[in-house]
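A quick write-up on the structure given underneath.
This one's a predicted model, so the numbers in the text were calculated from it and none came from an experiment. Numbered from 1 within each chain, the chains take letters A, B, ... in sequence-line order.
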Number of protein chains: 2
Amino acid sequence: MFSKSCEYALRATIFIAQQSHIGNKVNLTTISEAIDSPQAFTAKILQQLTKNNIVNAIKGPHGGFFIETEAMKTLNLSAVVEVLDGDSIYTGCGLGLKQCNDKKPCPLHFKFVAIREELKNMLQNTTLLMLVNDMELDIFHLKT
Amino acid sequence: MFSKSCEYALRATIFIAQQSHIGNKVNLTTISEAIDSPQAFTAKILQQLTKNNIVNAIKGPHGGFFIETEAMKTLNLSAVVEVLDGDSIYTGCGLGLKQCNDKKPCPLHFKFVAIREELKNMLQNTTLLMLVNDMELDIFHLKT
DNA sequence: ACTATAAAGGACAATAATATCTTTTATTAT
DNA sequence: ATAATAAAAGATATTATTGTCCTTTATAGT
Ligand code: FES
Ligand code: FES
């Protein structure tokens, strides 16, 4: 469904949001351990998330990554996915045709678009704050 | 969503089904032109489809690929996807956790599984014969 | 038997995705 | 100023996916 990069990005973002919500900034080592991802690769992904204003980064001692609580209210999963995987998941043809639209549809088009839209809505309607609140229940995990 | 291999496989299978339905066997060149796919690569994919009894192949003059009409009634898109991409699309965690189940869910699990199941049902409930019938309307395309 | 056709199979090549390593820049505390 | 911490940036390595090329096997028609 999503690329590895995107999966790590989602896990990292959710973890950072969770920690930020309880007032913690987290560094690379902490993040990659918490989400069980390759550290150096995760660093690259965090750079992209920072450049695209999904997360904030502060260098130096007591620095690290964080997300402001206000931002969590509006930031959704779709924003993260778009940074890493672009919008192909929303616009791409299920059968790989170069163009996907109602004018020249592939045989799967209408069935596929219906599901694609549901995925899109789910990702757009799920904010980081919602997930952070969910995770207070302690039944959700970010690794293994 | 699907790998390139799987996309080509789906397009090829639908094209072969369509042609078989009107009594034609089709060869590699015809297929790769009809679905606009790299010919040699498509050959490899057709081998897999043949080995897994999705399509039939006959060597030699007047040979080619075909699917029997009886088989089209039961063969669904899910069978094709599973040959090329395995079942990861049905069983894999949206956030890339090694295990996806209700016992140790990721924060996206329940929302994700709902959509995954819809995709699964769509692919399982769509038979090749249904698509072939749809394509008689002449509004659906397999390339560009 | 010979030739043409067409799929099957094996080896190889190019590209993209994933992952690592090293150096640089910024910040804090001593 | 110096040392320590931590992210940013750049270069490189590994692996998987995608794609091509060449040879072999099977079949049909002459
Ligand atoms: S054209 Fe294939 S999904 Fe829209
Ligand atoms: S555990 Fe992540 S989708 Fe099921």
Side-chain angles (χ1 to χ4, degrees), chain A residues 1-13 16 19-20 24-67 81 83-86 88-89 92 96 98, chain B residues 1-13 16 19-20 24-67 81 83-86 88-89 92 96 98:
Chain A
M1 184 71 73
F2 306 121
S3 67
K4 282 271 171 203
S5 298
C6 188
E7 291 173 350
Y8 295 147
L10 288 165
R11 304 220 300 271
T13 303
I16 295 168
Q19 291 298 306
S20 295
N24 295 339
K25 281 195 287 290
V26 279
N27 66 24
L28 173 62
T29 305
T30 307
I31 294 169
S32 65
E33 278 171 7
I35 68 172
D36 191 29
S37 66
Q39 182 163 328
F41 191 50
T42 306
K44 292 296 178 194
I45 291 163
L46 289 168
Q47 281 175 33
Q48 293 187 68
L49 291 174
T50 304
K51 256 188 277 188
N52 287 275
N53 296 110
I54 306 289
V55 304
N56 302 102
I58 290 182
K59 285 183 178 180
H62 309 303
F65 298 91
F66 68 99
I67 303 173
V81 171
V83 167
L84 277 295
D85 286 356
S88 66
I89 197 136
K98 279 153 203 148
Chain B
M1 184 72 72
F2 307 120
S3 68
K4 280 275 168 201
S5 299
C6 188
E7 290 173 350
Y8 295 146
L10 287 164
R11 303 220 299 272
T13 303
I16 295 167
Q19 292 298 306
S20 295
N24 296 338
K25 281 196 288 289
V26 280
N27 66 25
L28 174 60
T29 305
T30 306
I31 295 170
S32 65
E33 277 171 7
I35 69 173
D36 191 29
S37 66
Q39 182 163 327
F41 191 49
T42 306
K44 294 297 179 194
I45 291 163
L46 288 168
Q47 281 177 33
Q48 294 187 69
L49 291 174
T50 303
K51 257 188 280 188
N52 287 277
N53 296 110
I54 305 290
V55 304
N56 302 102
I58 290 182
K59 286 184 178 180
H62 310 302
F65 298 92
F66 67 100
I67 302 173
V81 170
V83 168
L84 277 296
D85 287 358
S88 66
I89 198 140
K98 279 155 203 146

Smallest heavy-atom separation, I67(B) atom then S20(B) atom, equals N-OG, 2.9 Å
Looking at D85(B) and F2(B), what are the two nearest heavy atoms and their distance?
OD2-CA, 3.5 Å
Nearest-angstrom distance from the residue atom CG of N52(A) to P of dA8(D):
12 Å
Q48(B) CD to dG19(D) P, straight-line distance once rounded to whole Å
14 Å
Which part of the nucleic acid, if any, lies within reach of V55(B) when heavy atoms closer than 4.0 Å are counted: base, sugar-phosphate only, or nothing?
nothing
Counting primed atoms, P, OP1 and OP2 as sugar-phosphate and everything else as base, the B/S/- map of nucleotides 23-30 of chain C against protein heavy atoms under 4.0 Å is --BBBBS-
Taking all atoms of both residues into account, what is the closest heavy-atom pair of I31(A) and F65(A), and its distance?
CD1-CD1, 3.7 Å
Using atom CG of L28(A) as one end and atom P of dA9(D) as the other, report the distance to the nearest whole Å.
15 Å
At under 4.0 Å between heavy atoms, what does T29(A) touch on the DNA or RNA strands: base, sugar-phosphate, or nothing?
nothing
Would you say the side-chain atoms of T42(A) and S32(A) include a donor-acceptor pair closer than 3.5 Å?
no
Side-chain donor/acceptor of K51(B) to base of dG9(C), under 3.5 Å:
no
OP1 or OP2 of dA17(C) under 4.0 Å from side-chain N/O of S5(A)
no
Strictly below 4.0 Å: does Y8(A) bring a side-chain N or O up to OP1 or OP2 of dA19(C)?
yes
May I have the distance from F66(B) (atom CZ) to dA6(C) (atom P), rounded to whole angstrom?
15 Å
Looking only at heavy atoms, the pair that brings Q48(B) and L84(B) closest together is NE2-CD1, 3.9 Å
In terms of heavy-atom contacts, V55(A) and L46(A) come closest through CG2-O, 4.4 Å
Spacing of L49(B) atom CG relative to dA7(C) atom C1', expressed in whole Å:
13 Å
Search all heavy atoms of F66(B) against all heavy atoms of K25(B) and return the closest pair with its distance.
CD2-CD, 3.7 Å
K44(B) NZ to dA14(C) P: how many Å, rounded?
17 Å
Check the distance between dA11(C)'s C1' and F41(B)'s CZ and give it to me in whole angstrom.
16 Å
N/O donor-acceptor pair, side chain Q47(A) with base dA7(D), under 3.5 angstrom
no
Rounded to whole angstrom units, what separation is found between the CG atom of D85(B) and the C1' atom of dT17(D)?
11 Å
Sorted by position of nearest nucleotide on DNA chain C, 5' first, the leading residue of A40(A) and I31(B) is I31(B)
